[in-house]
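What follows is a set of notes on a single structure, which appears directly below.
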Protein chains: 2
Amino acid sequence: MEKRYKTPKECLGKLMPVRDTLDIFQGKWKIQIISVLMYYDECSFKLLKESVKGITSKMLSKELKELEVNQLVEREVIDTRPVTIRYRITPYGESSRDIIIALYNWGVEHRKKIIGKE
Amino acid sequence: MEKRYKTPKECLGKLMPVRDTLDIFQGKWKIQIISVLMYYDECSFKLLKESVKGITSKMLSKELKELEVNQLVEREVIDTRPVTIRYRITPYGESSRDIIIALYNWGVEHRKKIIGKE
DNA sequence: TATACTAGTATACTTGAGGATACCAACTTT
DNA sequence: AAAGTTGGTATCCTCAAGTATACTAGTATA
């Protein structure tokens with residue numbers, strides 16, 4: 001059995017997938033938007049804006065477009081009067097649920113720790 | 001059994017822990033630094049800088065300080081000549097492993113999907 | 001003596017993410 | 001006809017995150 005050393009090069013290889021993920025979910029809003037869509041299953045622009053507290057129309061619109069490009073979210077126009085727009089997580093977007101859950105759980109524990117101290 | 005409706009207010013409650021977590025891990029580098037520290041168990045400043053590709057001394061120093069403040073990373077000065085500095089994940093920092101794993105796994109699957117397309 | 005290494009600090013600078021505000025089209029309601 | 005609703009755009013602006021570059025103390029090594 002050969003001896004293995006940990007190297008920056010090997011480390012970078014392990015780090016790459018994490019970097020890729022961070023690239024896609026970067027920014028203040030994308031994770032929050034996905035979380036909200038997972039909560040509601042489907043959602044109008046207005047309801048999203050109310051639920052992702054603090055976000056402006058401009059940012060919400062921009063972030064939704066980027067999430068669409070990456071096929072994490074889909075936008076459906078329904079021919080009613082007036083037109084209804086429905087945002088929804090795609091099946092692929094569903095694959096990020098583990099990330100959301102991990103973030104959620106950590107946040108819950110973190111809050112317990114912080115409160116326990118004060 | 002009472003009927004339950006999903007509301008922006010209830011949604012915000014569910015979203016709060018996620019927001020808390022995002023606040024702490026925000027930025028381009030913190031998750032990467034933690035990932036690298038988990039890879040090596042312990043690590044010098046130099047090795048960290050080589051492994052977190054692209055980071056500058058200033059950013060690495062700054063981010064490490066913030067991670068220390070949040071008790072996710074510890075810095076040990078060892079009285080050798082020259083002085084050795086050892087960075088390490090704290091036990092509390094270890095609790096973020098699930099997040100790192102989720103990000104890693106998603107990145108791996110994402111890469112498969114992207115490559116499969118080209 | 002001169003060069004090199006570790007672990008950073010100091011300073012100046014850039015840039016783009018995000019915020020604030022106003023506005024718009026298409027439609028409905030009163 | 002006027003006001004309200006949804007689902008956004010269009011501009012302008014700010015600030016902090018991040019970059020670039022140089023430099024330092026203390027030690028070791030050639």
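Chain letters run A, B, ... following the sequence lines, proteins first, then strands; residues in each count from 1. Given the structure is predicted, the values throughout are model-derived calculations rather than measurements. Note that these values count all heavy atoms, side chains included, but never hydrogens, waters or copies made by symmetry.
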Original post:
Which of parallel (below 30°), tilted (30 to 60°) and perpendicular (above 60°) describes A:Tyr92 and B:His110?
Top reply: parallel
Original post:
Hey, does the side chain of B:Arg75 come within less than 4.0 Å of C:dG8's phosphate (OP1/OP2), counting only N and O?
Top reply: yes
Original post:
Hey, does B:Phe45 have a side-chain heavy atom less than 4.5 Å from the side chain of B:Leu64?
Top reply: yes
**OP:** Would you kindly compare A:Gly54 and B:Ser57 by the position of their nearest DNA chain C nucleotide and give the one closer to the 5′ end?
**Re:** B:Ser57
Subject >> Rounded distance in Å - CD (B:Glu63) to P (D:dA16) >> reply: 16 Å
Original post:
Does A:Ser61 have a side-chain nitrogen or oxygen under 4.0 Å from the phosphate oxygens OP1 or OP2 of D:dT9?
Top reply: yes
Subject >> Phosphate OP1/OP2 of D:dG8: any A:Tyr87 side-chain N/O under 4.0 Å >> reply: yes
**OP:** Check the distance between D:dA20's C1' and B:Leu60's CG and give it to me in whole angstrom.
**Re:** 16 Å
Original post:
To the nearest Å, how far apart are B:Lys49 NZ and C:dC5 P?
Top reply: 13 Å
Original post:
Looking at side-chain heavy atoms only, is the closest gap between A:Thr84 and A:Ser44 below 4.5 Å?
Top reply: no
Subject >> Shortest non-hydrogen contact between B:Tyr87 and B:Arg75, atoms and distance >> reply: OH-NE, 3.2 Å
**OP:** Report the distance from atom CD of A:Glu76 to atom P of D:dG8, rounded to the nearest whole Å.
**Re:** 13 Å
Subject >> Spacing between A:Arg86 atom CZ and D:dT6 atom C1', to the nearest angstrom >> reply: 15 Å
Original post:
Atom CE of B:Met59 to atom P of D:dA16: distance rounded to whole Å?
Top reply: 14 Å
**OP:** Choose from D:dA28, C:dG18, C:dC27 the nucleotide whose nearest atom is closest to any side-chain atom of B:Pro82.
**Re:** D:dA28
Original post:
Between A:Lys28 and C:dG19, is there a side-chain N or O to OP1/OP2 distance below 4.0 Å?
Top reply: yes
**OP:** Grab the CD1-P distance between B:Ile33 and D:dA17 for me, whole Å please.
**Re:** 14 Å
Original post:
Looking only at side-chain N and O atoms, does A:Lys62 come under 4.0 Å of OP1 or OP2 in C:dG16?
Top reply: no
Original post:
Do the side-chain N or O atoms of A:Lys46 get closer than 4.0 angstrom to the phosphate oxygens (OP1, OP2) of D:dT6?
Top reply: yes
**OP:** Identify, between A:Gln26 and A:Val83, the residue whose nearest nucleotide on DNA chain C lies closer to the 5' end.
**Re:** A:Gln26
Original post:
For D:dG7, does either OP1 or OP2 sit under 4.0 Å from a side-chain N or O belonging to A:Lys58?
Top reply: no
**OP:** Ignoring backbone atoms, test whether B:Thr56 places a side-chain nitrogen or oxygen under 4.0 Å from the OP1 or OP2 oxygen of D:dG18.
**Re:** no
Original post:
A:Ile78 has an atom CD1; how far is it from atom C1' of D:dT6, in whole Å?
Top reply: 13 Å
Subject >> Exam field: side chain B:Lys62 to backbone B:Lys58, donor-acceptor pair closer than 3.5 Å >> reply: no
